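Okay, structure first, notes after.
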Amino acid sequence: MLIPTPIGPLWLEVTSRGVRLLEPALLPRGLEARGPLAERVRERVLAYFAGEKPDFLDIPLDYMGFAPMRVALYERVRLIPYGHTESYGSLARELGLSPRAVGAGMRASPFFLLVPAHRVIHADGRIGGFAGQEGLKAWLLRFEGALP
């Protein structure tokens, strides 16, 4: 399912376990997401871009095949509130990872917005990477009021 947003369409894929993929994409990539979960995700993404502040915590994610530490990282990042940020280093210390491992996990996340990787920044305030889309990360942080 393509979900139209101000930053371009997002492609959504779901399984019986939850969301398998939500990412920026111009064209469909796989099977069309359908059903109540797909509709709920679409509605919540549209609400987010309408200025509401959903946390997406009730949206199940399909972690099939993911390492336990990656799941723990994603579940922890899901708790970062709208409009707030946390550093790679603080998450690394809390989870017993290296800051690079946190960055690699964020870069590899297939759950755009649902795992708000854009809210993870450097301790000194630099926004850090975003899989080559640092402008998008800055836009999302400004949209949420986390950057001036």
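As the structure is a prediction and not an experimental result, all values here were calculated from the model.
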Side chains of Val77 and Val120 in contact at under 4.5 Å (non-hydrogen atoms): yes
Scan the side chains in residues 4-11 for donor-acceptor partners under 3.5 Å anywhere in the protein, sequence neighbours excluded, and list what turns up.
| unit_1 | atom_1 | unit_2 | atom_2 | d |
| --- | --- | --- | --- | --- |
| Thr5 | OG1 | Ile7 | N | 3.2 |
| Thr5 | OG1 | Gly8 | N | 3.3 |
| Thr5 | OG1 | Gly8 | O | 2.4 |
| Trp11 | NE1 | Glu13 | OE2 | 2.7 |

Between CG on residue Leu57 and CD on residue Glu75, distance to nearest 0.5 Å: 8.0 Å
ILVMFWY network linking Val45 to Leu2, side-chain heavy atoms under 4.5 angstrom: no
Spatial distance of atom CG (Leu12) from atom CD1 (Ile3) [nearest 0.5 Å]: 4.5 Å
same_hphob_cluster(Leu95, Tyr88) at 4.5 Å side-chain heavy-atom cutoff: yes
Gap between atom CG of Leu113 and atom CD1 of Ile59 - 0.5 Å precision: 11.5 Å
Centroid separation Phe56 to Tyr82 less than 6.0 Å: no
Common cluster, Leu140/Ile121, ILVMFWY with side-chain heavy-atom separation under 4.5 Å: no
Residue that, paired with Tyr74, satisfies side chain to side chain donor-acceptor pair (under 3.5 Å) out of Arg70, Arg76, Arg78: Arg70
Rounded distance (nearest 0.5 Å) linking atom CE of Met106 with atom CG of Leu73: 3.5 Å
Side chain proximity check, Ser87 to His122, heavy atoms < 4.5 angstrom: no
hydrophobic_cluster_shared for Val71 and Leu21, side chain cutoff 4.5 Å: no
Non-hydrogen side-chain atoms of Glu23 and Phe111 separated by less than 4.5 Å: no
Partners passing side chain to side chain contact (heavy atoms under 4.5 Å, CB included) against Arg100 (at least two apart in sequence or in another chain): Ser98
Aromatic plane relationship, Phe143 with Trp139 - under 30° parallel, 30 to 60° tilted, over 60° perpendicular: parallel
Closest non-hydrogen atom pair between Leu136 and Pro24, with its separation: CD2-CG, 4.2 Å
Under-4.0 Å salt bridge between Asp62 and Arg17: yes
Pairs involving residues 46-55, ordered by first then second residue, that meet side chain to side chain donor-acceptor pair (under 3.5 Å) (sequence neighbours left out): Tyr48-Glu144
Gly89 to Pro99 - nearest heavy-atom pair and separation: CA-CG, 4.1 Å
Closest approach of Ala146 to Gly83 (non-hydrogen atoms, all atoms of both residues): CB-O, 3.6 Å
Candidate pair Glu39 and Arg42, rule salt bridge (charged side-chain N to carboxylate O under 4.0 Å, His left out), full reasoning: CA-CA 5 Å; Glu39 285 304 313; Arg42 186 183 72 72; 3.2 Å; yes
Spatial distance of atom CE (Met64) from atom OG (Ser16) [nearest 0.5 Å]: 8.0 Å
Beyond-backbone contact of Phe66 with Pro110, side-chain heavy atoms, under 4.5 angstrom: yes
Steps toward side chain to side chain contact (heavy atoms under 4.5 Å, CB included) verdict (Leu61, Val115): CA-CA 9 Å; Leu61 304 180; Val115 172; 3.7 Å; yes
Transitive ILVMFWY side-chain link Leu79 to Val19, under 4.5 Å: no
Side-chain touch Leu141/Phe130, heavy atoms, less than 4.5 angstrom: no
